[in-house]
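All values derive from a computational prediction rather than experimental measurement.
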Amino acid sequence: MSQHTELSRRERQIMDSLYSRGEATVLEIQHDLPNAPTPTAIRTMLRILMDKDIVQRHKQGREFVYAPTAPRRPEGAKALKHVIQTFFDGSFKQALAAQLASDDELLTDDELREMVKLIKAARDKGN
């Protein structure tokens, strides 16, 4: 299981902020969090994430800037796999069907054509 799925709700929110921004200060992270805790509490959680080797920091001027230690794409793939396992009984087909049926985000014709290309490439790779 990915380290990201073993995090507390607040730790996941901090990681979401860091992956979204690439890197961030404590105040930037605080801005991203719902019902944000104090900067001191965020620093404490960041230290815990650093102890887990999930977050790193460097000094920039007078403050520290925090960033994930793992690249975004592989962690995103692990998180997606976890969501598919948890909510769609491990079926990518069910997850894709749910997304395509959603009115939240309609795909453009170009995006749909690109998806067809990706599906054809996956089929060719499997043969």
Side-chain angles (χ1 to χ4, degrees):
M1 182 182 275
S2 170
Q3 284 182 320
H4 194 75
T5 60
E6 297 170 3
L7 302 177
S8 71
R9 176 184 55 85
R10 190 59 90 180
E11 289 172 335
R12 278 193 312 274
Q13 290 171 340
I14 289 171
M15 292 307 299
D16 291 346
S17 172
L18 291 174
Y19 275 115
S20 175
R21 290 177 177 269
E23 63 179 24
T25 65
V26 168
L27 293 179
E28 290 170 331
I29 294 167
Q30 185 184 35
H31 180 270
D32 293 343
L33 300 180
N35 302 316
T38 65
T40 302
I42 294 171
R43 282 186 197 89
T44 299
M45 286 181 261
L46 285 164
R47 270 194 298 280
I48 291 167
L49 292 169
M50 288 172 55
D51 289 344
K52 293 179 180 182
D53 292 324
I54 298 171
V55 169
Q56 60 192 351
R57 72 178 186 185
H58 66 275
K59 188 98 166 160
Q60 189 172 56
R62 295 180 55 191
E63 56 191 340
F64 285 105
V65 177
Y66 297 86
T69 57
R72 182 180 189 167
R73 191 167 187 100
E75 287 302 306
K78 289 177 192 174
L80 179 60
K81 185 175 183 176
H82 176 73
V83 168
I84 290 169
Q85 289 293 336
T86 303
F87 297 102
F88 299 98
D89 297 323
S91 170
F92 177 75
K93 182 181 115 183
Q94 288 180 20
L96 182 58
Q99 181 60 37
L100 291 173
S102 170
D103 290 335
D104 293 345
E105 184 178 333
L106 298 176
L107 297 171
T108 66
D109 287 342
D110 286 342
E111 290 170 323
L112 289 169
R113 277 191 287 278
E114 182 64 25
M115 288 179 70
V116 169
K117 286 181 191 176
L118 292 170
I119 291 168
K120 286 180 181 176
R123 182 185 303 141
D124 292 345
K125 192 167 104 175
N127 290 332

Residues that Arg57 engages under side-chain hydrogen bond (donor to acceptor under 3.5 Å, both in side chains), provided they are two or more places apart: none

Closest contact, heavy atoms only, Ala70 versus Tyr19: O-OH, 3.0 Å

Are the side chains of Leu7 and Ile54 in contact, using a 4.5 Å heavy-atom criterion? yes

Under a 4.0 Å threshold between the charged nitrogen and the carboxylate oxygen, would Lys52 count as salt-bridged to Glu11? yes

Any donor and acceptor pair, going by atom type alone, linking the side chain of Thr25 with main-chain N or O of Val65 inside 3.5 Å? no

Tell me which pairs pass salt bridge (charged side-chain N to carboxylate O under 4.0 Å, His left out) where either residue lies in residues 25-34, with sequence neighbours left out. Arg21-Asp32

What's the spacing between Met45 CE and Met15 CE if we round to 0.5 Å? 13.5 Å

Residues forming a side-chain contact (heavy atoms from CB on, under 4.5 Å) with Ala97, sequence neighbours excluded: none

In the structure I gave you, are the side-chain heavy atoms of Leu18 and Leu49 within less than 4.5 Å of one another anywhere? no

Compare all side-chain heavy atoms of Tyr66 with those of Met50 and state whether any distance is below 4.5 angstrom. yes

Does Arg10 have any side-chain hydrogen bond (donor to acceptor under 3.5 Å, both in side chains) partners at least two apart in sequence or in another chain, and if so, which? Gln13

Once side-chain hydrogen bond (donor to acceptor under 3.5 Å, both in side chains) is applied, do any residues pair with Glu111, and if so which ones, sequence neighbours excluded? Thr108

Could you tabulate the donor-acceptor pairs under 3.5 Å formed by side-chain atoms of residues 33-40, not counting sequence neighbours?
from: Thr38; atom 1: OG1; to: Ala41; atom 2: N; distance (Å): 3.1

Are Leu100 and Leu80 connected, step by step, through hydrophobic side chains (Ile, Leu, Val, Met, Phe, Trp, Tyr) whose heavy atoms are closer than 4.5 Å? yes

CZ of Arg12 to CZ of Arg9: how many Å apart, nearest 0.5 Å? 8.5 Å

Sorted by chain and number, sequence neighbours left out, side-chain contact (heavy atoms from CB on, under 4.5 Å) with Ala67 holds for Glu23, Gln56

Using the rule given for side chain to side chain contact (heavy atoms under 4.5 Å, CB included), can you reason through Ile29 versus Leu46, listing the C-alpha separation, both sets of side-chain angles and the distance that settles it, and then say yes or no? CA-CA 10 Å; Ile29 294 167; Leu46 285 164; 4.0 Å; yes

Partner residues of Arg113 under the side-chain hydrogen bond (donor to acceptor under 3.5 Å, both in side chains) criterion, sequence neighbours left out: Asp110

Side-chain donor/acceptor pairs under 3.5 Å, residues 84-94, sequence neighbours excluded:
from: Thr86; atom 1: OG1; to: His82; atom 2: O; distance (Å): 2.8
from: Ser91; atom 1: OG; to: Lys93; atom 2: N; distance (Å): 3.4
from: Ser91; atom 1: OG; to: Gln94; atom 2: N; distance (Å): 3.0

CG-CG distance between Leu107 and Leu112, expressed to the nearest 0.5 angstrom: 5.0 Å

Tell me which pairs pass salt bridge (charged side-chain N to carboxylate O under 4.0 Å, His left out) where either residue lies in residues 58-70, with sequence neighbours left out. none

